[in-house]
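Working notes, structure below.
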Protein chains: 2
Amino acid sequence: MAAKGGPQDKRPRRRAGSLSSMQQAGSEPALSIERIVATAIELLDAEGVGGLKMRRLADRLGAGAMSLYWHVDNKEEVFDLALDSVLEYRGPPQIEAADWRAEIVHMLEDWRASMLRHPWSASLLPRRALGPNILSRLELLGRTLSEAGVAEADLNGAIWSLWNYVIGATITRANFDLSDDDMAAAQQRLAHLSEKYPTIERVRLLLDNDWDGAFRKGLNFLLDGLVPGQ
Amino acid sequence: MAAKGGPQDKRPRRRAGSLSSMQQAGSEPALSIERIVATAIELLDAEGVGGLKMRRLADRLGAGAMSLYWHVDNKEEVFDLALDSVLEYRGPPQIEAADWRAEIVHMLEDWRASMLRHPWSASLLPRRALGPNILSRLELLGRTLSEAGVAEADLNGAIWSLWNYVIGATITRANFDLSDDDMAAAQQRLAHLSEKYPTIERVRLLLDNDWDGAFRKGLNFLLDGLVPGQ
DNA sequence: ACCTGAACACCGTTCAAGT
DNA sequence: ACCTGAACACCGTTCAAGT
């Protein structure tokens, strides 16, 4: 298991010309990895990890049930490709401000936002191979931290601390988002157990959280500690 | 979805006497939720989330394939019970030192260690219901933070920041642990792409990480920020 | 009350075959 | 080169039936 889709990929690339014979009006365009990945993401967004089924994906592509297996080795590869596709980073906004702190915060908030747009993605990321897009993000993060003055020996630790925080925050947020009703129900039930859990009942831990604010706050505390000077 | 296994549970509890008719030497003891959960944890530890199958679980219990369904609604409940069972907290060591910082660090490191002993558990936790054991941990964490001087209005944010960090660190660590070879292979491949990823190649991001040290360091930075005074 | 096997619906994947 | 349906192995769960 590892970064797939690199240049060593032996998957076929369709040449621009020579569209396949049947191209009548209204018929679907031919299959391609791009279409497969795009449709897989649609399906995942709509129905979650459990909703991605090879037959259903083929159906939605207007293809025969088993056609996918010519383009893709197996379902795992679909996951890998969909995941990395969702993690593309378009770079910092506007002009370089040369403000490393703002840059890092932007990078990490953008990363989190990208994953929250596809709530299945964050849970998947730690379990799957590191694709080129996530590697680029890590590279950029590492370079910026280094420029900001983090010692070479501390760089690994700093990158992983931030990774851990972003991943944890996003996975938690994404899952709570999916089950707001459940959390409300759970908080209800907590009320009946207030002798056992008085504190988290009192502060209504399971409700009304300012996730975005809490995320940025914790992130700033981490950066205060991880990056010297400033 | 919510905290299950509470006192409102309508699952049968076997009365101490009246062992079922067949209890010949060498035969398995009768089924019980306790045995089911314990064996499920064994299976999960040995084979990961994908290795838990209802038939296999029944087999290992020496029971007929479908006997489990009398004790348990479905597979999800097995997951919920196994997960919370693994999260029991036995409290701080020795005498109360009244040192909140040490107490919190101990609680969170113990939490992480409990999950690392069962590498499937961390990934599961954010997706599943909050059982009594994890709720107790959150309650204790909240109470300690409160005693340490965190304002009532900041308590939610502080608890979730720590949750996020612990969850992210543990999920990442558990998964990298499972695939050390993969990471080595990935780092190898990175070497070939050092023009694209020079920084993370140079610091060997995917290798030789001091996970435990990095965890404690980041945790301390978070606590520095989250808890006033000190 | 507790356990069981047969059966169903479903899913990922292989394969031999089509064009 | 690209697509296809039939078939296989497997899995969660229901159900009617046993004791």
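Below, chains carry the letters A, B, ... as their sequence lines are ordered, and counting in each starts from 1.
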Donor-acceptor contact present, side-chain Asn209(B) to main-chain Asn156(A), <3.5 Å: no

Check: Ser161(B) side chain, Ala158(B) main-chain N or O, donor-acceptor pair, under 3.5 Å: no

Separation of atom [atom1] in [X] from atom [atom2] in [N], rounded to whole Å:
| X | N | atom1 | atom2 | answer |
| --- | --- | --- | --- | --- |
| Arg56(B) | dG12(D) | CZ | P | 10 Å |
| Arg35(A) | dC2(D) | CZ | P | 14 Å |
| Leu31(B) | dA1(C) | CG | C1' | 13 Å |
| Trp70(B) | dC2(C) | CH2 | C1' | 6 Å |
| Asp59(B) | dT4(C) | CG | C1' | 14 Å |

Straight-line distance of Tyr89(B) OH to Leu141(B) CG, nearest 0.5 Å: 10.0 Å

Atom pair CG (Leu61(B)) and CD (Glu42(B)), whose distance is rounded to the nearest 0.5 Å: 8.5 Å

Heteroatom pairs (N/O) under 3.5 angstrom, protein to nucleotides 13-17 of chain C:
residue: dT13(C); atom: OP2; partner: Tyr69(A); partner atom: OH; Å: 2.9
residue: dT13(C); atom: OP2; partner: Lys75(A); partner atom: N; Å: 3.0

Salt bridge present between [X] and [Y] (N-O < 4.0 angstrom):
| X | Y | value |
| --- | --- | --- |
| Asp212(A) | Arg173(A) | yes |
| Glu139(B) | Lys196(A) | no |
| Arg137(B) | Asp110(B) | yes |

Sugar-phosphate, base or nothing in reach of Leu57(B), heavy atoms under 4.0 Å: nothing

Sugar-phosphate, base or nothing in reach of Leu52(A), heavy atoms under 4.0 Å: sugar-phosphate

Sequence-distant partners of Tyr69(B), ring pair (Phe, Tyr, Trp, His ring centres under 6.0 Å), two or more places apart: none

Distance below 4.0 Å between His71(B) side-chain N/O and dC3(C) OP1 or OP2: yes

Reference residue Trp160(B); test ring-ring contact (aromatic ring centres under 6.0 Å, His included); the match among Tyr165(A), Phe215(A), Phe176(A): Phe176(A)

Pair pattern of DNA chain C in dot-bracket, where unpaired bases get dots and | marks partners in another strand, Watson-Crick or G-U under 3.5 angstrom: ||.|||||...|||||.||

